[in-house]
Every structure is written in C-alpha cells, then in structure tokens.
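Here is the naming used below: chain letters follow the sequence lines, and residue numbers restart at 1 for every chain.
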Amino acid sequence: MKLDRLGDFQRTHRNGDLRLDHAGQTVRLLGWCRRVRNLGSLVFLDLRDRWGLVQLVANEETADPELLTKLKAVRSEFVLAAEGVVAERESKNPNLATGDVEIRLTGLRILNTAAPLPFPLEDEGVGEDLRLTYRFLDLRREQLQRNMLLRSEVANLTRNHFRELDFIEVETPILTKSTPEGARDYLVPSRVHAGEFFALPQSPQLFKQLLQVAGFERYIQICRCFRDEDLRADRQPEFTQIDIEMSFVRQEDVQGVIEPLMVKLAQVVGKDVTAPFPRLPYRDAMEWYGSDKPDLRCALKIQDVTALFAASGFNLFRAAAESQGQRRVRALFFPGEAAGSLSRKALDAYQEQARQMGAGGLPYAKWGRDGLSSSFKKFLEPADEAALRQRLGVTGEGLAVFAVGTDAQTSKVLGDLRVKLAVDLAASERDPALAHLFHDKNAYAFLWVVDFPLLEWSEEAQRFVACHHPFTSPHPEDLDLLETDPGKCRAVAYDLVLNGFEVGGGSIRIHDAETQSRMFRIIGIGEAEARAKFGFLLDALAFGAPPHGGLALGLDRLVMLLAGVDNIREVIAFPKTAQARCLMTDAPGPVDERQLRELHLAPDTQQTYWVGTLFFDGPAELAGPAPRPLSQLTPRQAQGVSLPTFEFMKNPEPGRGAESL
RNA sequence: GGGGUUGUAGCUCAGUCGGUUAGAGUGCCAGCCUGUCACGCUGGAAGUCGCGGGUUCGAGCCCCGUCAGCCCCGCCA
C-alpha cells in the first residue's frame with residue numbers, strides 16, 4: 001500500500017479531549033486505528049492516541065469517494081492523520097468520554113500500515129510470553145500505559161518532594177567494583193585490564209555514603225541496581241531504587257522525610273494514609289506475625305501455646321515443650337464460621353503450603369458446627385481443649401493451625417499461612433467485621449520494622465554475616481555485645497513495609513573508621529582484605545565523615561502496589577522473564593569469539609553449539625561466499641535449527657568440525 | 001539447584017477409555033450491509049497438537065528426556 005506523508009500536518013487536538021463544545025470546528029487528529037466498522041456506505045473508525053479515543057465517520061452521500069475507498073482499506077492499528085469537522089452524533093455512546101461527538105472526515109492520510117497483531121490489545125489473559133515477545137504492542141494496551149504513566153508520576157513526585165527538601169541528585173557509577181557480602185554481582189569484563197572485572201552496582205551504597213563525606217548532606221538518586229539472583233514475582237535482576245542519604249540524622253529524621261512522600265504517593269491513587277506509620281520492633285514482628293515484613297491488613301497474631309502441652313499425650317508438642325525453648329508450639333486462630341467449616345480438602349491444601357515452607361505437617365484444631373475436629377484429637381483431653389480455647393480466645397466457631405519447631409521454622413510456616421488463610425477467609429466469611437479483620441484488600445498498611453539484628457550466624461559460611469550490610473551502625477545500647485554476643489546486637493536499621501512487601505530499607509551508617517574496622521573483623525574480613533576491598537571507605541571515614549544514614553525505596557515494588565497489580569513486570573517497560581531473559585531482544589545471547597578474545601575470556605564449549613553452513617568439499621571459488629565467522633548458538637537456540645539445513649556439533653575438536661568449515 | 005503448573009489454529013480454549021478426516025469462539029481474507037461503537041449476515045483460508053525419543057496395530061492423550069512461560073523453596077548484605 002502506498003503510504004501518505006505526514007508532511008506539514010499539525011495535530012490540533014488530542015483525541016480524548018473533543019466534546020460537544022467543539023462542534024463545527026475543523027480539527028486535525030493523529031493516532032492509531034483501534035477498529036473499523038464498515039457498514040457499506042457508512043464507515044466508522046475509532047482513532048486512538050495516548051490521551052483517548054474519538055470516532056471518525058464518513059458516508060457515501062457526503063464524502064469524497066476516494067476518501068471513502070481509502071478509509072475502507074484501513075485495518076486495525078494503521079497509523080492515521082485525519083482531518084474533519086466535529087459534529088454531534090446521531091446515536092451517542094455514553095460509555096465514551098467523546099461519545100457525544102464524531103469527526104466527519106474531510107481528509108485522511110495513511111501514515112503507516114500494520115500487520116494483523118499477534119494478540120488483541122483489548123483482551124486480558126493473553127499469554128505473558130507472547131506479551132513479552134511483542135512488548136512494544138503490549139505497552140500499547142491501556143493497562144500498561146496507565147502503569148507506566150503512574151510510574152512516571154511517582155518518579156516526578158519523588159524528585160519534587162526531595163528537591164523541596166533541598167536534596168541534590170548525584171549520579172553514581174554503573175561500572176564499579178565487586179564487593180564481598182551480599183548478592184551475586186553482575187560482572188563486566190575489562191578489555192583494557194586482562195582478567196579484571198567491573199561489577200554492576202547492587203546499590204550505590206558506598207557512593208552515597210562517600211557523598212556525605214563530601215559534604216552534600218542530602219543526596220537523592222533514582223538509580224538502577226543489579227543483582228544476579230533468582231527471580232520472583234516481585235524481583236527482577238535489574239530494578240530501580242529511590243536512593244537517599246542524609247548527614248547529621250537519626251533514624252527518625254530519615255523516616256520523617258519518607259513518610260510525607262508516601263502520603264503523597266498514596267494520594268495519587270486515591271488512598272488516604274496517615275503518618276507517622278507504626279514502628280514495630282523486628283522481634284515483635286517475628287513473634288506476632290512470623291515475618292519481618294508483616295502484612296498488617298490482617299490483624300491476627302500468632303500465639304505461643306508451648307506451655308499448654310507440657311503434659312500432653314501428643315509427643316510432637318510435648319517434646320517441644322520439654323526442649324527448654326529450643327523448639328516451640330505456636331498457633332494461629334481464625335475465628336468465624338468460614339474458618340470453622342473449612343473442608344478437609346481445603347485443609348489439605350494449606351498443609352501442602354505448610355510443607356513447602358518446611359513444616360512436617362499442619363496440626364489443626366477446628367471448632368465447627370459439629371464440635372471439635374482435630375488432627376490430634378485423640379491426644380486432646382477436655383481440660384487441655386478448654387485451656388487451648390481460653391489461650392486462643394475461642395468463643396465460637398473457628399480454626400487453629402499449629403507449627404512446631406524453632407522460632408525461624410514456625411515463623412516461616414505461620415507467617416505464610418497467616419496471610420494466605422486470611423485472604424481466603426476474607427473472601428468467604430459472611431460476617432463483615434471478621435472479613436475486615438482477616439484482610440482488608442483496599443487498605444494500605446504502612447509500617448516501619450525497626451531494631452533489626454545487626455548480624456546473623458551463617459551456617460554456610462560458618463561465621464556471622466551482616467543482616468543488612470556491613471556499614472550499618474550497631475545500636476548504641478548494644479555496642480558492648482559486638483564482640484561478646486554478636487547475634488544479640490541490634491542495628492539501627494529500619495525497613496518500610498507496605499501490605500506485606502518490603503518497599504524500602506535503610507539504616508544509620510557507621511561513620512568512624514574504628515567501628516567500621518571492628519565490624520569487618522566480626523564478619524571475618526581481615527585487615528588486609530578490608531584494606532584491599534574497602535580501603536577507600538576506611539580512608540573516607542578517617543577524614544571527617546559526618547554521622548549519616550539513609551534509605552532506599554524499591555520503586556518498582558512501590559509502583560506495583562500503587563497500581564494494584566501483583567507482578568513487578570507489569571510496571572516495568574521491558575522486563576525479564578523468571579529465567580532472567582528478555583523475550584523481545586532474546587538477551588542474553590552468545591557473542592562472537594573475537595569479542596570474547598578481546599575481553600580475555602574463553603568460550604564455555606560445554607554450553608555452546610557451533611553452527612555453520614554445510615560442508616563443501618569442492619574448489620573454494622565454487623563454494624560461494626567465503627566461509628563466514630561462525631556464530632554460536634545456545635542449546636535453546638540450537639533446538640530451533642533443523643538438521644538438514646545445518647551441520648552442527650557440540651564441542652568441536654580443533655582441526656575438525658568448526659575449524660574445517 | 002529443587003518442587004509445582006502450563007504448552008493444541010494468529011489469540012483464548014475444548015478435545016471423553018489410546019481409535020476414522022483434531023473442534024469452538026475470536027481474529028484474518030472475500031462478498032453484502034446508512035448509525036455502528038464487541039456492528040450484523042454469508043462464505044473461505046488457517047494446525048510441526050512446544051521439541052526429541054519410546055511403548056503400541058494405532059499417540060494430542062501413555063512413558064522418558066528436553067525447551068519455554070508462570071508460581072514457590074533455596075538464594076536475594
């Protein structure tokens with residue numbers, strides 16, 4: 001099809017803005033054809049741009065025949081420039097902002113055609129692999145346009161918020177240095193320095209601290225961070241952080257600049273949240289909610305019932321009671337009819353969840369219409385049951401689930417089930433007060449989890465490792481514990497939690513070289529290593545580093561929660577799959593051997609298939625083009641290559657195979 | 001690294017106990033149609049049942065392997 005030129009065509013209006021007030025005006029519009037409705041001698045077309053949709057119309061009686069022919073040739077997603085007169089519709093569409101008017105076409109330019117789309121833009125439920133392959137089309141869809149707009153809005157509000165507070169934005173390096181501790185680094189080989197590597201930053205942590213030493217006092221950056229770890233629904237290998245750092249501050253000062261920002265951001269999506277947010281010590285969070293990022297939309301708390309089973313016939317529970325606090329029996333009680341009438345099948349499903357969290361099973365006690373049923377009923381004497389009911393506050397129907405084990409084990413199981421059961425029960429419980437208690441899905445429950453432990457014992461490394469990072473300041477009251485009982489030492493670290501997601505985390509940092517050295521020593525980084533890896537930091541701390549601290553917010557997660565979607569990919573323009581691949585560009589991919597050589601890297605022949613043209617034994621001049629450099633295919637790509645077309649082999653030996661092509 | 005789950009027409013899916021020529025809706029193509037807006041009506045084209053192997057007289061269906069998407073565990077200072 002012959003295309004028209006944009007030429008000097010100028011848009012006069014946004015499609016979504018046209019109203020009856022514009023009637024009679026000649027307008028020029030641009031956009032994509034959403035759909036043509038061809039009624040024969042009367043043709044309608046919906047023209048979409050970023051701001052909305054308006055109906056174009058032409059009919060046989062009044063329109064130029066050439067224009068009508070052209071209009072009938074238009075298909076979905078053609079790119080158009082349209083000129084016409086705004087007119088009141090004969091039959092209006094109340095579902096459309098522009099539904100009272102239509103544009104009687106006087107001119108039409110087809111700026112580009114479009115092949116039939118691989119998936120419809122209107123439908124929900126299109127396979128995500130397909131959406132990711134054609135992400136540029138996926139992003140045309142209204143939902144993603146909204147999400148990206150919201151994301152942009154959040155970034156703007158954030159920048160304005162901190163600018164008003166006199167923060168300055170400073171960029172930090174993307175090519176930086178690999179550091180021990182923490183997540184796996186993405187590495188970038190250095191061409192200039194054989195055998196040496198840059199690392200992409202897991203966060204600008206050290207740089208923002210150094211900017212405090214530099215005297216900027218208040219820093220912000222919206223920056224990309226990289227962590228080479230396995231993905232989840234709320235985790236991508238590259239993600240965006242709202243990174244701030246301040247000098248001469250205490251924990252409350254940092255929280256004090258974040259809370260009003262959260263209030264503003266919540267307002268963008270019409271939610272009222274009130275600051276200050278609750279502060280919950282880590283220890284209580286784990287004890288009551290079994291999580292360091294509790295979802296406070298559910299108010300139910302875990303309870304310790306170990307003591308009730310000291311003389312129980314149920315060995316599993318009694319053994320815990322006799323373990324001197326090593327192991328405990330903890331329980332969650334869900335009151336109400338919905339909980340009391342859960343089916344065996346439903347309970348089995350929750351047991352499966354518990355197993356996945358590392359539990360052996362899921363002991364339960366259910367008080368239903370027909371009285372008590374329990375997986376350990378035969379060990380439950382009437383007196384014990386009464387004590388249990390009193391301890392858990394059972395007055396009517398309901399369900400109690402139990403976990404036995406260490407604090408960490410029981411927290412994991414019950415912390416997970418607390419939210420899962422609450423969400424399910426909120427949907428099925430008829431008593432609105434209870435449903436609200438279980439899970440209020442419209443609420444935004446912010447809180448600060450504070451007083452994290454500074455260190456935790458790592459079985460794998462057989463040493464203490466930093467819970468947050470090694471630059472986190474020990475709690476001033478616990479300084480003496482640093483060497484005597486490191487596991488008990490609290491940190492001045494705080495996480496911002498929203499609806500069960502960690503949306504931010506920060507700390508007051510160590511700002512004197514001596515404490516920093518102590519810290520390194522405790523986590524097994526010797527003086528020489530500290531010097532080699534963090535010498536610049538120790539130097540900086542020695543030259544007048546101010547007390548400082550800060551926080552980083554996960555922008556993607558925050559926008560995900562504000563957008564009300566359950567997957568971080570929905571708020572990232574070009575995300576990776578769960579296997580850390582970009583389906584659109586097919587990255588990562590193999591590179592030419594020459595590139596590898598320049599970077600002083602050797603190909604991993606175990607993982608590489610070589611593919612070339614067919615063997616040819618005749619004279620070289622008949623072989624057509626000179627043998628081109630071989631390209632490499634991964635096993636995944638090699639699967640798509642058909643054997644008759646290509647000769648390909650794994651692990652070519654020198655002098656054979658690849659070389660002999 | 002481990003567990004679960006999904007893969008059939010461009011898309012969303014159905015496909016019984018292993019049995020003849022693999023279906024539906026939608027999209028696409030063509031024709032008709034003056035008030036549609038999920039336009040309507042008529043007709044048509046469209047399949048590597050993810051890929052490879054095996055069992056079988058016979059495999060979309062059963063078995064093994066593999067690739068890919070999603071969710072979870074480990075991991076993520």
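Nucleotides rG43(B) and rG25(B) have their P atoms positioned 12 Å apart, rounded to a whole Å. For the P atoms, the distance from rA46(B) to rA24(B) is 14 Å, rounded to whole Å. Taking atom C1' in both rG27(B) and rA38(B), one finds a spacing of 12 Å when rounded to whole Å. When the C1' atom is compared between rC61(B) and rG54(B), the two are found 15 Å apart, to the nearest whole Å. Nucleotides rG65(B) and rC76(B) place their C1' atoms 32 Å apart, quoted to the nearest Å. When the P atom is compared between rU66(B) and rG4(B), the two are found 14 Å apart, to the nearest whole Å. Comparing the C1' positions of rG23(B) and rC49(B) gives a spacing of 12 Å, expressed to the nearest Å.
A heavy atom closer than 4.0 Å to some atom of RNA chain B occurs in Lys412(A), these being the qualifying members of residues 405-412 of chain A.
Residue Glu128(A) is in sugar-phosphate contact alone, with no base atom involved, counting any heavy-atom pair closer than 4.0 Å across all strands shown. Using a 4.0 Å heavy-atom criterion, one finds that Glu61(A) contacts the bases of the nucleic acid, with or without backbone contacts as well. In this structure, Arg569(A) reaches the sugar-phosphate backbone alone: every heavy-atom distance under 4.0 Å involves primed, P, OP1 or OP2 atoms, never a base. Contacts of Gln353(A) with the nucleic acid, taken as non-hydrogen atoms under 4.0 Å apart, are absent. Nucleic acid contact class of Val126(A) (heavy atoms, under 4.0 Å, all strands): sugar-phosphate only.
If you take CG of Asp129(A) and C1' of rU12(B), they are 13 Å apart, rounded to a whole angstrom. Remark: P of rC13(B) and CD of Glu124(A) are 13 Å apart, rounded to the nearest angstrom. The interatomic distance linking Glu229(A) (CD) with rG2(B) (C1') rounds to 16 Å, in whole Å. Atom NZ in Lys420(A) sits about 11 Å away from atom C1' in rC73(B), given to the nearest Å. In this structure, Asp556(A) atom CG and rC76(B) atom P are separated by 20 Å, rounded to whole Å. The CD-P distance, from Gln241(A) to rC76(B), rounds to 16 Å in whole Å. Atom CZ in Phe501(A) sits roughly 15 Å away from atom C1' in rC76(B) (whole-Å rounding). In this structure, CD of Glu122(A) is placed 12 Å from C1' of rC37(B), rounded to the nearest angstrom.
Both distances falling under 3.5 Å, in either a Watson-Crick or a G-U wobble arrangement, occur for no nucleotide opposite rG18(B). In this structure, rC41(B) and rG31(B) make a Watson-Crick or G-U wobble pair, each of the two defining distances being under 3.5 angstrom. In this entry rU26(B) has rG10(B) as its Watson-Crick or G-U wobble partner, both defining distances falling under 3.5 Å. rU5(B) is paired with rG69(B) under the Watson-Crick or G-U wobble criterion, all donor-acceptor distances under 3.5 Å.
Using a 4.0 Å cut-off between charged side-chain N and carboxylate O, Glu77(A) and Arg75(A) make no salt bridge. Ion pairing of Arg35(A) with Asp46(A) is absent here, as no side-chain N (NZ or NE/NH1/NH2) approaches a carboxylate O to less than 4.0 Å. Here Lys208(A) pairs with Asp243(A) in a salt bridge; the nearest charged N to carboxylate O distance falls below 4.0 Å. Comment: Arg224(A) engages Glu238(A) in a salt bridge, judged by a side-chain N to carboxylate O separation of less than 4.0 angstrom. Arg581(A) has a carboxylate O that lies under 4.0 Å from a charged side-chain N of Asp586(A), or vice versa, which qualifies the two as a salt bridge. The residues Arg521(A) and Glu527(A) are annotated as not salt-bridged, no charged nitrogen and carboxylate oxygen being separated by less than 4.0 angstrom.
Listed nucleotides rC11(B), rG35(B), rG69(B) differ in distance to Leu130(A); the shortest reach to its side chain belongs to rC11(B). With rC75(B), rC70(B), rG35(B) as the choices, the nucleotide that has an atom nearest any side-chain atom of Asp230(A) turns out to be rC75(B). Of the candidate nucleotides rC70(B), rU36(B), rC71(B), rC71(B) has the atom lying nearest to any side-chain atom of Ala233(A). For Gln356(A), the side-chain atoms get nearest to rG3(B) when compared with the rest of rG35(B), rC11(B), rG3(B).
For Glu66(A), the CD atom sits in a loose shell: 12 or fewer heavy atoms of surrounding residues, nucleotides or ligands are nearer than 6.0 Å. Surrounding CH2 of Trp448(A) are more than 12 heavy atoms belonging to other residues, nucleotides or ligands, all under 6.0 Å away.
Taking only side-chain nitrogens and oxygens, Arg227(A) never comes nearer than 4.0 Å to OP1 or OP2 of rC75(B). Not one side-chain nitrogen or oxygen of Arg235(A) sits closer than 4.0 Å to the OP1 or OP2 atom of rG74(B). Considering only side-chain N and O atoms, Asn567(A) lies under 4.0 angstrom from the phosphate OP1 or OP2 of rC71(B). At the phosphate of rC39(B), OP1 or OP2 sits under 4.0 Å from a side-chain N or O atom of Arg37(A). Remark: Ser41(A) is in phosphate contact with rU34(B), judged by side-chain N or O atoms under 4.0 Å from OP1 or OP2.
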Check: Along nucleotides 23-29 of chain B, 5' to 3', which nucleotides get a B, which get an S, and which get a -, given that the test is a protein heavy-atom distance under 4.0 Å?
Finding: ------S

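In this structure, the separation between CG on Leu551(A) and CG on Leu496(A) is 7.0 Å, given to the nearest 0.5 Å. Taken from CG in Leu56(A) to CG in Leu105(A), the straight-line distance is 5.0 Å, to the nearest 0.5 Å.
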Check: Step by step, would you call Glu128(A) with Arg135(A) a salt bridge (charged side-chain N to carboxylate O under 4.0 Å, His left out)?
Finding: CA-CA 10 Å; Glu128(A) 199 177 354; Arg135(A) 189 59 160 182; 5.6 Å; no

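Each of Asp566(A) and Gln205(A) has a nearest nucleotide on RNA chain B; the 5'-most of these lies closest to Asp566(A). With RNA chain B read from its 5' end, the first of the two nearest nucleotides for Gln202(A) and Gly125(A) is the one closest to Gly125(A).
Put simply, the side chain of Arg235(A) gets close to the backbone of Asp230(A): a donor and an acceptor are under 3.5 Å apart.
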